[in-house]
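The block underneath contains the structure these notes are about, expressed in structure tokens.
Just so you know, these numbers come straight off a predicted model, no measurement behind them. We count ligands from 1, going down the list as the structure has it; atoms in each ligand are counted the same way.
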Amino acid sequence: MNTTERASFEAIDGMDDDEDNETNPTTSPTIGDIIAERMDRRDLMRGLLASTVLAAALPAGFMAAGFMAAGPAQAQAQTAKSTRSAFSFKEVTAGVDGNHHIAEGYDADILIRWGDPIMPDALPFDPMAQTGARQARQFGYNNDFLGYFPLKGSNRGLLAVNHEYTSTELLFPGLKSVSDARSADPAKITRQMAEVEMMAHGGSVVEIERGKDGKWAVVERSKYARRITAETPMEITGPAAGHDRMKTKADPTGRRVLGMINNCAGGTTPWGTWVTCEENINNYSLGPVPAGHREEANWKRIGIPGRRYAWGHYVDRFKVEKEPNEPNRFGWIVEIDPYDPTSMPKKRTALGRFKHEGAAGIVNPKGGQYVLYSGDDQINDYVYRFVTRGKVVPGKRAENMNLLDEGVLSVAKFGADGTMEWLPLIFGQGPLTAANGFASQADVLIETRRAADLLGATKLDRPEDVEANPKTGRIYIMLTKNAGRKPNEVDAVNPRADNKHGHIVELTPPEGDQSAARMKWEILVKCGDPSVATVGANFNPLTSKDGWFSNPDNCAFDAMGRMWISTDGNADDFNGRSDGIWALDTEGAARGTSKHFYRAPAGAEVCGPCMTPDMQTFFIAVQHPAEDGKEWKAWGKDSTFDDPSTRWPDFKPNLPPRPSIVAITRKGGGKIAV
Ligand code: FEO
Ligand code: CA
Ligand code: CA
């Protein structure tokens, strides 16, 4: 979700519910106030040396010994001597208009869009006659994370898709403004509309195939097709399952919950499951908050009740005074087997409850555990790591299926000396005791944020994706922005006050050990326009005027270990640039060079970058096209269903803008950007 819609919403009820508004009340500085500009020429060279050493330390082919991971290394493209970017393509021009644009020599084709039929009995999309029942069989709204699960290598597979939220003003005819759409007012949002919204959330699994002409299409009547919604039955597993704080009237066991909501980014595991992350779960609950309720501190810390959706007027469980434990059943990472459409999704409570952005993981080369990273997407919140107790057993799927139920969750604390530590969140250790309201590990996990506050974790500039490069083992943290950081709050790892543009932090584990208690860190790039001195950006000077970006949100590594970034925030138009996809060098003398590959239509952010193992197809999710009309200077007013700023991708007068998945391929075939 981005700034404008939130700003509108805040104007309505003044709630602190936004990624760009702080709900972290802690004040203790955790690093000190030394300002260290960590990325200068010396740092670039140090990073280069570290990566070379680390790559050498990784057992050859370790990741490939997984199941679906990287293809052959092509280190020659990233030699230390080269001053050229590892990415070979002609950049797209930065800018903003109603359409999308792709680098020359590539095709960007629409694969599937909101409302397209998914299930065999689905009705065709009719935006003037949408109902919950129809929507539940069709592709959902605001596609975010994408995971590709092979059926036949890189030519046929399953695409798992998150449907994060609904841009309600663009979903339904008749809503006059963004404020009306986000008002949670039952006079404006009817029961039928709320039902559509609930069915437009969740996820989809679609079978897709690449034809002889090189073009991708959805396989109709696939036995794998699945829609997951805000009402799909799910199992709660791990230490918080069955705890009293997880029980409701409808579920006295505390082990069954209906639906997943606000699923932002996620990950794919080496054993072939989809992990999908519940993010801004506070938006779905209505108040008032009962005075003195035992969950008061918990609610406050995560921004409950968010009062953004009207669902609670029609469904009791979304009203906190009626069902105060229901919010505790959201904010988790959900694991789903995309190959079995009858399988029950599992909310893995061992991984903690917060506003999870993503859940990218790596098998630890030093111990064989699965190590999963997750950012808590709000300004001044934290980055977490989960290390499984058990080890990944390559090739034995069943033995890995419950690995995520046991392990150690830790939170990151950064030092000004270029090192950071992972602080374990374990009941009974340090401050995580009854004195602070924790009676069990379940309590620690349900209130992960408050537990992390007590440990002195480092507040970061809106942590989104956190992902390890499978080739080098180095870990990258996307920090989207934090305009709320004041000059006296800057520190080494968040070096800019009023950080509108975000930055990327790189972690280097010692000898490749992803479970290590301490790692080294440095800043890879500070984002924004490098030609404006006051912005303080520092891309590699090889970066062109189109190549720089702001607001990194998602990242992905291709089979060559090259990093791709998708952004959320350029659409705010303070730069006159849409969001999009950028390629970012991490190795060699070109480290820190960024190149613009794909540009989104106005109002959209780009999510879910995901490449097939053969690197010939790049899937991306274009989320909320036409949102934020006021932020696009050329439009300058609210953008609604009846009067949208763009009708991408159909451009038909009777069709609204539609969030869509785009398949990018090279004209004539071949690997992307090689
Ligand atoms: Fe849903 Fe963190 O963006
Ligand atoms: Ca986002
Ligand atoms: Ca995101």
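- Among the atoms of Glu279, an N, O or S atom falls under 2.8 Å of atom 1 (Fe) of ligand 1.
- With Glu197 as the partner, the side chain to side chain donor-acceptor pair (under 3.5 Å) test is satisfied by one option alone out of Tyr309, Trp311, Tyr165: Trp311.
- The aromatic rings of His596 and Trp582 lie parallel to each other, their planes meeting at an angle below 30°, with 60° marking the opposite boundary.
- Atom CG of Asp20 and atom CZ of Arg462 lie 4.5 Å apart (nearest 0.5 Å).
- Taking 2.8 Å as the criterion, Asp377 counts as a coordinating residue of atom 2 (Fe) of ligand 1, since one of its N, O or S atoms falls below it.
- The Ca ion (ligand 3) has an N, O or S atom of Glu357 under 3.0 Å away, backbone or side chain.
- With values rounded to the nearest 0.5 angstrom, His100 atom NE2 is found 8.0 Å from Ile620 atom CD1.
- Remark: Asp461 CG to Asp498 CG distance equals 10.5 Å, nearest 0.5 Å.
- Restricting Glu164 to its N, O or S atoms, the one at the least distance from atom 1 (Fe) of ligand 1 is OE2.
- For atom 2 (Fe) of ligand 1, the N/O/S atoms of Glu19 include none lying under 2.8 Å.
- At a cut-off of 2.8 Å, Glu357 does not coordinate atom 1 (Fe) of ligand 1 through any N, O or S atom.
- Separating the CD atom in Glu19 from the CG atom in Asp553 is a distance of 9.0 Å, to the nearest 0.5 Å.
- Between the OD1 atom of Asp553 and the OE1 atom of Glu464, the angle taken at the Ca ion (ligand 3) works out to 60° after rounding to 10°.
- Distances from atom 1 (Fe) of ligand 1 show that Cys607 has no N/O/S atom below 2.8 Å.
- Checked against atom 2 (Fe) of ligand 1, the N, O or S atom of Glu464 at the shortest distance is OE1.
- Both tests hold for Arg577 against Trp548: distance to the six-membered ring centre under 6.0 Å, angle to the ring axis within 45°.
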